[in-house]
Structure formats: C-alpha cells, structure tokens
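First the structure, in the form of structure tokens, and then the observations on it.
Proteins come first, then strands; the chains are lettered A, B, ... in the order of their sequence lines, and each starts at number 1. Here the structure is a predicted model, which means the values were calculated and not measured.
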Amino acid sequence: MLDNTIETTEIKSSGELLKTVEGLKSDGYRYSTMICLKANEGHDLIYIFEKDNKLKNLRYFVKPGEKPKSVSGIYLCALLIENEYQDLFGLTFEGLAIDYKGHLYLTPNSPKAPLA
Amino acid sequence: MTTVIPFGPQHPVLPEPVSLKLEIDNDVVVGVLPSLGYVHRGLEKFIDTKDYNQTTYICERICGICSALHGITYTRAVEKLFDVEIPERAQYIRVIVGELNRVHSHLLWLGLFADGFGFESLFYECWKYREAVLDVLERITGNRVIHSISRVGGVSRDLTKEQIDMTLKMLDAVESQVKDIEKVFVNNYTVKQRLVGLATMSKQLAYEAGTAGPTLRGSGNAVDVRETADWDIYKDLGFKPVVEKDGDCYARTKVRITELYESIKLIRNAISKLPNGEVAIPIKGFPTGEAIMRTEQPRGEVVYYVKGNGTKNLERLKIRTPTFANIPSLLLMLPGVKLADVPIVVLTIDPCISCTER
C-alpha cells in the first residue's frame, strides 16, 4: 500500500484512464512520471501527477497481452516513460506521440524486456 | 526544403552523449527527435542482486554531480518503508551536504554554459570557485565526487567544528565570487544578446510539459520539492523558491544564479541551528510496502519509488530524474530557434544523461 497521504484512484479501463487523465490536465495537474510493476502475470501502472506540491496517483492494471493506451496525446512528456517501459517491460502503448518501438535505450542485440 | 542535421551524441557542448535529429529549414529548427541509449546501465535491474543497504551505493553512482542527493532521496524513501524518523542532527547534515551539492552543481553548469556561448574566461572562473566547494565536500564526506554521506537510518559521518568553520569560511568566499560572476551573466551585453528571448516557454507550457527545476521555475512556476511536507526542515531554515517569469534562456540562468545565494543561506542557517545528538539510528528487519520520495536536485525534482517485500532485496526501485522530465520540453523549445543557438538552448535544461538513462 502506498503512502496513505497520496490520493490514489483505481482505474478499471483504458477509456476511463484517458478520460481521467484529461480531467486531471484540465484541473491543473502536472504529469510527474509513471511506475511499472509486474503484477499477477500482467503489469500495474501507477501514474503520478502533482499539483500544489501534492501528489495524486492513478493505478491501472494491464492484463496479460493488453496494449495500454498512451497518454502522450494528453501530456506529451509521457512519451519517454512509455517508451522506456516498451524497452524494459515489453509493453506496447497504443497511440504514442513518438514510438521508438522498443529501442529507446536498447539495441536490437540487447536482452529483450530485461525487467519483465 | 528541410534538411536533417544530427546534433550529438558527441558534441563540444555536451558533457554526456545525447543525440538530437534536427530538422532544419533555412537555418531554423522546425522539428526535433531526441535519441537516447548511449549510457543506459540498467541500474534498476542491477539492484536485484543487491540488498537494500548496498542499493544506496548504486543510487549514489547514478550521477557524479548530484550523487549526494540521489543517496539522500533513496535512503529517505527506504526510511519511509521502515516508518522511522532519523535523528534531527542527521537531517540537518543531509541538508548541508545536499545544498553544497547544489552549489557545486550550479557552478559547474554556469561554467559549462559560459563555455557553450564562447566565454572561456568565465568558464574558468566558475570552475575555479567550484573547486573550493569540492574541497569542503571532500573534507566533510571523505570523497570528492561520490560523497556517500547518507545511510538508511541517518548519515555515515558527523560534522566536526573544524569542518563547520571551513564550510562557513568557504561560503563567505564563494558568495563574494558569485556576486562577481553574476554581474557578467546578468549584465554583460553579449551574454544578454545570446540569451534574452531565446527559446521562451510560457508558464502554462512549461507546467503542462512536465518540466522540473530551474526549467520550470524560470517560466514563473513556484514549484520546488523543498516546500513539500517531506521536507519540513526547509521551512525552519527560511527557504523560499527562486522564480523568474520570462521563461527564456536568460531567466533559467538567473534562477540558477539566485539559487546559489539561496543554498548558501540555507547552509548557513542549517549550521547555526545544527542540533546536538546522534547522527544515525539502527534499523532492524527488512523493508515492506511501497513509498514515493521526492527531492529537489540541482536540475529539479527527482522521484524515487521503492517497493519492499520483506526480504533484504527491494522488489522494485524506480527513479525518475529531472533531465528525464526536461528532455521532452526540447521538442517545444527548439522549433523556431536558429541552428547556432541550439547548443545554448539544450544546455539551459542542464542535461544529465547518466541520470536520465540510469
């Protein structure tokens, strides 16, 4: 369980995710980063936003084989971290503003998805 | 007709490798594609083989410039997992070393920046003054680059009276030297010609672009992690975030210069209020749960996420460094900039690629 001073919202679907992120942007939240964790054969994504020096998290479970939607169309700065998780966890984000296709850090000869 | 010109990965103004593919039309940038991956070390994977104490050493080696603040952030994150409060004296020593870290980092950047726009004597001056800060850090921590001061539960070394006196003497000298270089950075005609109005980001754009540190505050956003609840100690030291409104390269430079004075003030105040007592407490058991810790590094907010599972190894460590947050802003800042000004603009985010790629 994360620090209970951080407000965390569970997100159930990718549609809800994009809608919630759009809402946060219009409420004046700054995109901070995203955490990716292995969880129950799939992955947990924790989106971290900041406003007035307080954090707000969204938690979204990515089912095995699911391609999560990119939020880089809403927050352009999300493109680097989403590309990082394509490299390190083997995820595929749909709708990335710039897609390095798993080669942001890694070369074709590197180990595949080393954190997966 | 546009031409694509590679900027980096090896470039005279870049201390570390990053590549930008610049789309140029008539000497003006119209598109940018950053490429990373030249110094990725897989440190978040490497910690699988290290226990949570050894991971401190890994975090300190993420960056040779803000090493102490990486160590401090990591140890504070793990202390959150253990739900322990370290001795007050240790908290003050962390602030002193962390702010010394910021002073030497900003002086390093000012030197590199001066070199970037061709002012070599100014570069030498900044780096000469920085040496005195490194001397003090070496005396306090025993190390010149990887300061290795923070440990889970406190700090590894106490401050002696001799070290405190040496620090205060150095601060007096550096403050006066910063006043000298400030005159050049802020008032020199040529410097202003190069920087004023260059690569301007509005307050809203910098905020929505997720930028951090002087890049964010140079556009009028008073966002500084030292004001958060995790860093209450800074309230006692009279901390005020440094903000400039113009959002251009000149404003980002002025933020860093003014932050030097702010850090010097904070160190003096921390020394004057330094409480007596222990500098570390014993930690028993293994970490469990999840925690997020943020610290204001010289380049901006660093975010550490740690997850423990009751074993000696952490299950997950994730680090979001400030340059990682600032690189996407280049996609917004560079279009419209002349090719000759690209190095200046890139330097104003103070890129640290070792941090970014880990």
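Within the 4.5 angstrom heavy-atom criterion, no atom of L81(B) approaches chain A. For Y100(A), the part sitting under 4.5 Å from any heavy atom of chain B is the side chain, from C-beta outward, and nothing else. Using a 4.5 Å cut-off between heavy atoms, I81(A) touches chain B through backbone and side chain atoms alike. Contacts between L79(A) and chain B at a heavy-atom distance below 4.5 Å involve the side chain alone, from C-beta outward. N221(B) does not touch chain A: none of its heavy atoms, backbone or side chain, sits under 4.5 Å away. Contact of I98(A) with chain B is made through the side chain alone, with heavy-atom distances under 4.5 Å. For T211(B), the part lying under 4.5 angstrom from a heavy atom of chain A is the backbone only. Residue contact with chain B, scored on non-hydrogen atoms closer than 4.5 Å, involves the backbone and the side chain of E50(A) alike.
For N309(B) and T311(B), the side-chain atoms include at least one donor-acceptor pair closer than 3.5 Å.
The salt bridge (charged side-chain N to carboxylate O under 4.0 Å, His left out) search around E44(B) returns R316(B), K318(B), R358(B), not counting sequence neighbours.
Geometrically, K56(A) does not engage F49(A) in a cation-pi contact, judged by NZ or CZ lying under 6.0 Å from the ring centre and within 45° of the ring axis.
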Between Y234(B) and E99(B), is the side chain to side chain donor-acceptor pair (under 3.5 Å) condition met? List the steps.
CA-CA 11 Å; Y234(B) 276 97; E99(B) 293 304 319; 2.5 Å; yes
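Pairs engaging residues 100-116 of chain A under the salt bridge (Lys or Arg N to Asp or Glu O under 4.0 Å) rule: D99(A)-K101(A) [sequence neighbours left out].
Put simply, the side chain of E82(A) gets close to the backbone of V71(A): a donor and an acceptor are under 3.5 Å apart.
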